[in-house]
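First the structure, in the form of C-alpha cells, and then the observations on it.
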Number of protein chains: 2
Amino acid sequence: MEDTPARLADKPSWLLTQLAVHAHRLASEGFVEAGARGYHYRVLAALDEFGVASQAELGRRCNMDRSDVVAAVTELEEKGFVERTQDPKDRRRNMVMVTELGRTQLCRLDRALDQAQDDLLGPLSAQERQTLTRLLGVLLTHHQRG
Amino acid sequence: MEDTPARLADKPSWLLTQLAVHAHRLASEGFVEAGARGYHYRVLAALDEFGVASQAELGRRCNMDRSDVVAAVTELEEKGFVERTQDPKDRRRNMVMVTELGRTQLCRLDRALDQAQDDLLGPLSAQERQTLTRLLGVLLTHHQRG
DNA sequence: ATGTGTATGTTGGTGGCGCCAACGTTGGCG
DNA sequence: CGCCAACGTTGGCGCCACCAACATACACAT
C-alpha cells in the first residue's frame, strides 16, 4: 500500500472519518445478515428504551431527519418489527410501538453490534478504550449544542 | 433535545460515526466555499506531496475507488487544478500533475481544514488532543491491514 | 511468438447516510 | 377567528464508498 499524504494522515478529522468508515463497515456486516441497516437499529433501540414514541420524537432521539424516520418506520412495519397507529390525543402524530418480533430483532442486532465493537477496538487495552470513549463523548456532546 | 438511547450513546462506533459527521460538516463548510469537496482535497494533497502520479496510485494513496478518482480528476482538470496526460512509458496510465493554480487551491483548502480541526477539537486540551490522535491512529493503521 | 494473466482507465450503477423544501393536516394560542 | 408551530409525508439532492463490466495495454511464462 502506498503512503497516504501526511496532510491527511495526521489530521484528526481524517483519522476520525476514515475510522468511522471501518466502524460502519463492521456494524453493517452484522446488520445486513439480519436484513437491517443503521437507521433500523436506532429506531428499535429508542423504542425499546423509551417505549411508544412519535416519529418526530424518534428523529430527535436518534439524530435522524423526519423524512428518514418515515422510511425507516415503514420498512420496520413491513417486517412486523413495529406497529404504527394514529395518536387519538393528537391526530397529527403517529404512535410507534415495537413488537415482540421487533425486540427479537433488536437482540440480534445488539449481538452483531457488540461483536463489531470488539473488532473495532481490537488492539486497544481496556484503559485505552475507556479513554477513547471518554474523549469522543466529550467532543460529541460539545458539538451537539453549538 | 430528547435523550438518545443508551444503547447508542455508549457505543464507540456510535460516538465515532456521529462525531465523524460533525468532522465532515466542519470540513465541508470550508470546502464548499472553495467549490471543492473531500475527494478533491485528497487528490491535490497526494499530488503535492508525491508529485506526478497515475490515477490508480492516487486511489491507493487516498483510499479512493478507481472510478471515483476518475471523476475527481476530471473535475479538478475542468477547473485547471490538475493536468492529465498519457504516460509514454505505459500507455495505460495517465500522469496526473498539479498545476500552480491547483497548489493555490490546496493552500486555500488547507486553511479551511486547519480551522475545522480547531473547531472539532475545541474542548480538548493539547494533551488530550494528542492522546486522541494517537489512539485513532493506532486503530486506523490496524484496520487498514486486516 | 504466443497466450495468459494482470493492471489501468472508464462507464454506469447501487446503497447508506445526512439534509432540505414543500405540502396538507392538526393543535395551540393570542 | 386567525395566526403560527408541529407533524407526517413526498420527492429530491449531495457526498462517500463500493461494485461489475469492458477495452486497452503491459508483463511474463511457455
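Each chain gets a letter, A, B and so on, in the order its sequence line appears, and its residues count up from 1.
- Within the shown strands, D/dC22 is the pairing partner of C/dG9 under the Watson-Crick or G-U definition, both distances less than 3.5 Å.
- Checking the phosphate oxygens (OP1, OP2) of C/dG18, no side-chain nitrogen or oxygen of A/R66 falls inside 4.0 Å.
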Can you check side-chain contact (heavy atoms from CB on, under 4.5 Å) on A/E49 and B/T4, steps first, answer last? CA-CA 9 Å; A/E49 181 164 340; B/T4 96; over 6 Å; no

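- Considering only side-chain N and O atoms, B/N94 lies under 4.0 angstrom from the phosphate OP1 or OP2 of C/dT10.
- Across the protein-nucleic acid pair, B/Q86 atom CD and C/dG9 atom P stand 10 Å apart, rounded to whole Å.
- At whole-Å resolution of the value, OH in A/Y41 and C1' in C/dG16 are 18 Å apart.
- Residue A/R91 is classed as a sugar-phosphate contact, given heavy-atom separations below 4.0 Å to backbone atoms only.
- Within the 4.0 angstrom heavy-atom criterion, no nucleotide atom of any strand lies near A/T17.
- Note: CE (B/M64) to P (C/dT8) measures 15 Å, nearest angstrom.
- Whole-Å rounding puts the A/L19 CG to D/dC16 P distance at 17 Å.
- The residues A/R37 and A/E75 are annotated as salt-bridged, a charged nitrogen and a carboxylate oxygen being separated by less than 4.0 angstrom.
- Pairing each heavy atom of B/V70 with each of B/R84, the nearest pair is O-NH1, 4.0 Å.
- Residue-environment remark: CD (B/Q130) stays at or below the threshold of 12 foreign heavy atoms within 6.0 Å.
- Heavy atoms of A/Q18 sit under 4.0 angstrom from primed sugar atoms or phosphate atoms, though from no base atom.
- Toward the 5' end of DNA chain C, the nearer of the two residues A/R92 and B/V70, judged by each one's closest nucleotide, is B/V70.
- No donor-acceptor contact under 3.5 Å links the side chain of A/D65 to the base of C/dC17.
- One can place CG of A/N63 at 8 Å from P of C/dG18, the figure rounded to the nearest angstrom.
- Looking at A/R129, its side chain does come within 3.5 Å of a backbone N or O of A/L124 through a donor-acceptor pair.
- Toward the 5′ end of DNA chain D lies the nearest nucleotide of A/T74, the other residue of the pair B/H40 and A/T74 mapping further downstream.
- Using a 4.0 Å heavy-atom distance criterion, A/V69 is classed as making no nucleic acid contact.
- At least one side-chain nitrogen or oxygen of B/R60 sits closer than 4.0 Å to the OP1 or OP2 atom of C/dT8.
- In this structure, the CD atom of B/Q144 is 12 Å from the P atom of D/dA17, given to the nearest Å.
- For B/D68 against D/dC18, a side-chain-to-base donor-acceptor contact under 3.5 Å is present.
- One can place CZ of B/R42 at 8 Å from C1' of D/dC16, the figure rounded to the nearest angstrom.
- Taking side-chain N and O atoms only, A/R93 has no distance below 4.0 Å to OP1 or OP2 of D/dT9.
- For the pair A/E29 CD and D/dA17 P, the interatomic distance rounds to 16 Å; values are reported in whole Å.
- Salt-bridge check for A/R103 with A/D110: failed, with every basic side-chain N at 4.0 Å or more from each acidic carboxylate O.
- Among the protein residues, A/D90 comes within range of the sugar-phosphate backbone only, with heavy atoms under 4.0 Å from sugar or phosphate atoms but none that close to a base.
- A donor and an acceptor atom sit less than 3.5 Å apart, one in the side chain of A/S67 and one in the base of C/dC20.
- An OP1 or OP2 oxygen of C/dG16 is reached within less than 4.0 angstrom by no side-chain nitrogen or oxygen of A/H24.
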